[in-house]
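Here's the structure, in structure tokens; my notes come after.
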Amino acid sequence: MTAFAALAGPILAAYPALDPADLDFAPSPKLEVGDVALRTFVAAKKLKMAPPQFAAAVAKEVRFGPAVVSASPAGPYLNFRLNRSVFAREIVGGILREGPRYGSTGSGTGRKLLIEHTSINPNASPHVGRARNAMFGDSLTRLFRFEGFEADVHYYVNDIGRQIGLLVLHAENFDTMSFDEILDAYVAANTRAEQDPEFAKRGYDLLAKMEEGDPETAARFYKITEKCLQGQLAVLARLGISYDHFDRESKYLKHARLEVVLEALRAKEAVFTDEEERLVVDLGKLGWEREEGRFFVLMRANGSSLYGFRDLAYTMEKMSKGADVNLWVLGEDHKLYAEQLTLILKAAGQPAPEPIYYAHILLREGRMSTRQGKVVLLSDFLDEATARARQKVDEQCKDLPEAERGAIAEKVAISAVRFAILRVNSNKNVIFDWESSLSFAGDTGPYVQYSCARINSMLRKFGEIPGEPAADFVLDHDAEWQLLMALIELPKTIAASVAARNVAPIGQFALDAARQFTTFYHDCPVLTADSEARRRARIQLCAATLSAISNALGILGIDALERM
RNA sequence: GUACCCGUAGCUCAGCUGGAUAGAGCGCUUGGCUACGGACCAAGAGGUCGGGAGUUCGAAUCUCUCCGGGUACGCCA
């Protein structure tokens, strides 16, 4: 924790064997015992001392500067009581200087990220389960950009496949259909294929025709998938999600790159034609140790390719772009598939992207299924969220014009929806619940936004905020100190999130900071503080808080609002 | 059946590179509007951290095992 360099310095001077990283500073569990604590386990181990012995030795022998009031050992911990203002001045000044970059560790400077996410089948309006992929992928992108990465976001458009074929067959009049009606047509097409084998076979025939390059078929596929894609993108755009590249799967049929892979597989005798004339990879020959998932089919007997075969070509193309980090956001149902694909690529001497999995959003009744029409549509979810937000905004912001209230409601709705999903660790299933995911009170996005709106309100009233803490800077109240302790967690949180490719801790940070802020807000008058020095210091603390929180919210794709 | 993920207060979740009495929110019970915006704050009740065993000075956190939920397992994408 660089904020405590004044504590670390003298200790490092007294124990040259230690590195700064060995000194583990953290807020004391209670302010009664100290303002900040040193946990001595790591350092003591390095020095081959018992932690309590080390803590006592430091307390007794190391001489700290005048800003340190006392250092008292408590078992393996060393609790410091500080001249808070001195440290606070340092911290607030640092945050104000970094402003919109505060929290970034700059780990991506000069580096590139290529990320593929969402890649929904272009056949229906997206449901909230799919939205987890999109929001998660989008937030990861924002996280990496915040770290300085140059990011390219790819969306793989599965514009060819059995399901699209069936839809094309069934929805002959799709020119006149609305995007919403296509969902019904898609459900109907699948039901029909289940009941009518002849219809299902026509679907496969159509696919084969498509693959052979029949222009009329290709045009029909294009039209319907484009209409779906645009409809889906419109819904995703409401959540602030956008993409840089749309890669159509049909481009990767019989792609030249596939020969490279096939050759490598043949050389290892890992590819064969089975008794039903399918082209199959035996992953067992490549080091696959399990029986499940051992065989990977590339082509059907009629010569048409399967998704995985095309995906090999696509993945190689992505990897050829030379990004430093290649992420691939996938539902956990694709885990085995991604492992298979990775193994094949490795066997062919090709690099593979890094898969990032997330667990599904479930309904109380079980899994969502587009095919069975058992879904909560993202657009319905957003409509409901916006309606509820609008009601609240109308109550709260009577003085604002109509259009502005609408815009605010939309942002609050997005905040509620994104925050509810993103703050949960992605390896956990989420049971979708209308009430809790649309709540604006408690641990929610709108609560965090509200703290920002309050800060903005004070900033407007204050006028110009000095960019640097003054010489008479004073912050010593418990609530002020605890707020600062929350704010300095951001760089650590960001670093951990990048390492884990997990955005949830950032939501937790925003919540902690917002909660500490409201406590401070209730305990400490800012604009009417009892001295000018205090008034200035507090408004600067508010400005620093706004930076930290809005940077965190930005990564989650949520705007800090001026008013709400 | 096999592999992977998850199992922490009534509910939804943090905490998991082992470390000071396990933290929030919702709901419940109280109290706070002379509000720098009550989408708020303060206080209280509520937990065998799924069960068991092990490693350790120390385990919600690591290992094993059992139970429960999720996901997947050769012509869907």
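Any value given below was found using the heavy atoms of this structure, including those in side chains, with hydrogens, waters and symmetry copies removed. Below, read A as the first sequence line, B as the second, and so on, with proteins coming before strands; counting in each chain starts at 1.
- Arg460(A) has no side-chain polar atom (N or O) that falls below the 4.0 Å cut-off from OP1 or OP2 of rG37(B).
- Partners of Glu562(A) according to the salt bridge (charged side-chain N to carboxylate O under 4.0 Å, His left out) rule, which considers only residues two or more places apart in sequence or in another chain, are Arg460(A).
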Please write out the pairs of protein N or O atoms and N or O atoms of nucleotides 19-22 of chain B separated by less than 3.5 Å, giving the distance to one decimal.
from: rG19(B); atom 1: O3'; to: Tyr77(A); atom 2: OH; distance (Å): 3.3
from: rG19(B); atom 1: O2'; to: Tyr77(A); atom 2: OH; distance (Å): 2.0
from: rA20(B); atom 1: N6; to: Asn79(A); atom 2: OD1; distance (Å): 3.1
from: rA20(B); atom 1: N1; to: Asn79(A); atom 2: OD1; distance (Å): 3.3
from: rA20(B); atom 1: N1; to: Asn79(A); atom 2: ND2; distance (Å): 3.1

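- Panel note: side chain Thr40(A), backbone Pro76(A); a donor-acceptor pair is recorded below 3.5 Å.
- rG69(B) and rU61(B) have their P atoms separated by 22 Å, with the value rounded to a whole Å.
- No engagement by Ala50(A) is indicated, since no non-hydrogen atom pair under 4.0 Å with the nucleic acid exists.
- When each of rA39(B), rU8(B), rC5(B) is scored by its nearest atom to the side-chain atoms of Lys428(A), the top-ranked nucleotide is rU8(B).
- Using a 4.0 Å heavy-atom cutoff across all strands shown, Cys452(A) reaches no nucleic acid atom at all.
- Following rounding to the nearest Å, Asn502(A) (CG) and rA14(B) (C1') show an atom-to-atom distance of 12 Å.
- Annotation: side-chain hydrogen bond (donor to acceptor under 3.5 Å, both in side chains) contacts of Asn158(A) (sequence neighbours excluded): Glu249(A).
- Across every non-hydrogen atom of Phe296(A) and Ile344(A), the tightest pair is CD2-CD1, 3.6 Å.
- Whole-Å rounding puts the Ile361(A) CD1 to rU12(B) P distance at 15 Å.
- The aromatic ring centres of Tyr252(A) and Phe309(A) sit 6.0 Å or more apart.
- Thr518(A) comes within contact range of the sugar-phosphate backbone alone, with a heavy-atom separation under 4.0 Å but no base atom that close.
- At a threshold of 4.0 angstrom between heavy atoms, the contacts of Val526(A) include nucleobase atoms, whether or not backbone atoms are also involved.
- Side-chain proximity of Arg423(A) to the nucleotides rC40(B), rC13(B), rG15(B) is greatest for rC13(B).
- The residue Val412(A) sits close to a base: some heavy atom pair falls under 4.0 Å.
- Between Tyr337(A) and Tyr307(A), a ring centre-to-centre spacing shorter than 6.0 Å is recorded.
- Proximity note for Thr519(A) (side chain, C-beta onward) versus rA39(B), rC36(B), rA42(B): the nearest is rA42(B).
- Taking the C1' atom of each, rU12(B) and rG7(B) are spaced 14 Å apart, rounded to whole Å.
- Applying the salt bridge (charged side-chain N to carboxylate O under 4.0 Å, His left out) test to pairs two or more places apart or on separate chains, those with a residue in residues 19-32 of chain A are Asp19(A)-Lys46(A), Asp22(A)-Lys46(A), Asp24(A)-Arg39(A).
- We find that CD of Glu489(A) is positioned 14 Å from C1' of rA14(B), with the value rounded to whole Å.
- A distance of 6.0 Å or more separates the ring centres of Phe419(A) and Phe440(A).
- By the 4.0 Å N-to-carboxylate-O rule, Lys335(A) lies too far from Glu339(A) to be salt-bridged with it.
- Taking the charged nitrogens against the carboxylate oxygens, Arg300(A) and Glu211(A) have no contact shorter than 4.0 Å, which rules out a salt bridge.
- Residues Lys251(A) and Asp247(A) are not paired through a salt bridge, judged by the lack of any N-O separation under 4.0 Å between the basic side chain and the carboxylate.
- Residues satisfying the salt bridge (charged side-chain N to carboxylate O under 4.0 Å, His left out) criterion with Asp274(A), sequence neighbours excluded, are Arg278(A).
- With both ends at atom C1', the span from rG19(B) to rU55(B) equals 16 Å, rounded to whole Å.
- Within residues 532-543 of chain A, no residue is approached by RNA chain B to less than 4.0 Å at the level of any non-hydrogen atom.
- In this structure, Arg192(A) satisfies the cation-pi test against Phe199(A), with its NZ or CZ atom closer than 6.0 Å to the six-membered ring centre and inside 45 degrees of the ring normal.
- Between Phe25(A) and Phe80(A), the closest side-chain pair of non-hydrogen atoms falls below 4.5 Å.
- Among the atoms of the strands shown, none is found under 4.0 Å from any heavy atom of Val448(A).
- With a glycosidic angle more than 90° from 0, rG50(B) adopts the anti conformation.
- Distances were taken from every side-chain heavy atom of Ser457(A) (C-beta onward) to each of rG25(B), rA39(B), rG37(B); the shortest belongs to rG37(B).
- The gap from the C1' atom of rA60(B) to that of rG52(B) amounts to 16 Å, rounded to the nearest Å.
- Rounded to a whole angstrom, the distance from the C1' atom of rG18(B) to that of rU63(B) is 13 Å.
- RNA chain B is contacted by both Ile431(A) and Arg563(A); Ile431(A) maps to the nucleotide lying nearer its 5′ end (nearest heavy atom per residue).
- Here the separation of rC4(B) from rC62(B), taken at their P atoms, is 15 Å to the nearest Å.
- Counting non-hydrogen atoms under 4.0 angstrom, Ser304(A) reaches nothing in the nucleic acid.
- Within the nucleic acid shown, Asn425(A) comes within 4.0 Å of sugar-phosphate atoms alone, with no base atom in reach, counting heavy atoms only.
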Whether each nucleotide of nucleotides 68-77 of chain B has a protein heavy atom under 4.0 Å at its base (B), only at its sugar-phosphate (S) or at neither (-) is summarised, 5' to 3', as --SSSBBBBB

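- Counting any heavy atom pair closer than 4.0 Å across all strands shown, Glu562(A) reaches a base atom.
- Ionic pairing of Arg390(A) and Asp394(A) is present here: one or more N-O contacts between side-chain nitrogen and carboxylate oxygen are shorter than 4.0 angstrom.
- Judged as a side-chain hydrogen bond (donor to acceptor under 3.5 Å, both in side chains), and not counting sequence neighbours, the contacts of Thr118(A) are Tyr243(A).
- Counting only Watson-Crick and G-U wobble pairs whose two key distances fall under 3.5 Å, RNA chain B forms stems of three or more stacked pairs at B:1-7 with B:67-73, B:10-13 with B:23-26, B:28-32 with B:40-44, B:50-54 with B:62-66.
- Rounded to an integer number of Å, the gap from Tyr447(A) OH to rG38(B) P is 12 Å.
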Please list, for nucleotides 60-62 of chain B, all pairs of protein and nucleotide N/O atoms separated by less than 3.5 Å.
none

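- Nucleic acid contact for Tyr521(A): base, since at least one base atom lies under 4.0 Å from a heavy atom of the residue.
- Here Ser437(A) does not reach the OP1 or OP2 of rU12(B): none of its side-chain N or O atoms lies under 4.0 Å away.
- Evaluation of the salt bridge (charged side-chain N to carboxylate O under 4.0 Å, His left out) rule for Arg294(A) yields Asp282(A), Glu291(A) as partners, not counting sequence neighbours.
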When the side chains of residues 494-514 of chain A are checked against the rest of the protein, which donor-acceptor pairs come out under 3.5 Å, sequence neighbours left out?
from: Ser497(A); atom 1: OG; to: Thr493(A); atom 2: O; distance (Å): 2.9
from: Ser497(A); atom 1: OG; to: Asn502(A); atom 2: O; distance (Å): 3.2
from: Arg501(A); atom 1: NE; to: Glu354(A); atom 2: OE2; distance (Å): 2.5
from: Arg501(A); atom 1: NH1; to: Val498(A); atom 2: O; distance (Å): 2.8
from: Arg501(A); atom 1: NH2; to: Glu354(A); atom 2: OE1; distance (Å): 3.1
from: Asn502(A); atom 1: OD1; to: Ala504(A); atom 2: N; distance (Å): 3.1
from: Asn502(A); atom 1: ND2; to: Asn425(A); atom 2: OD1; distance (Å): 3.0
from: Asp512(A); atom 1: OD1; to: Arg515(A); atom 2: NH2; distance (Å): 2.9

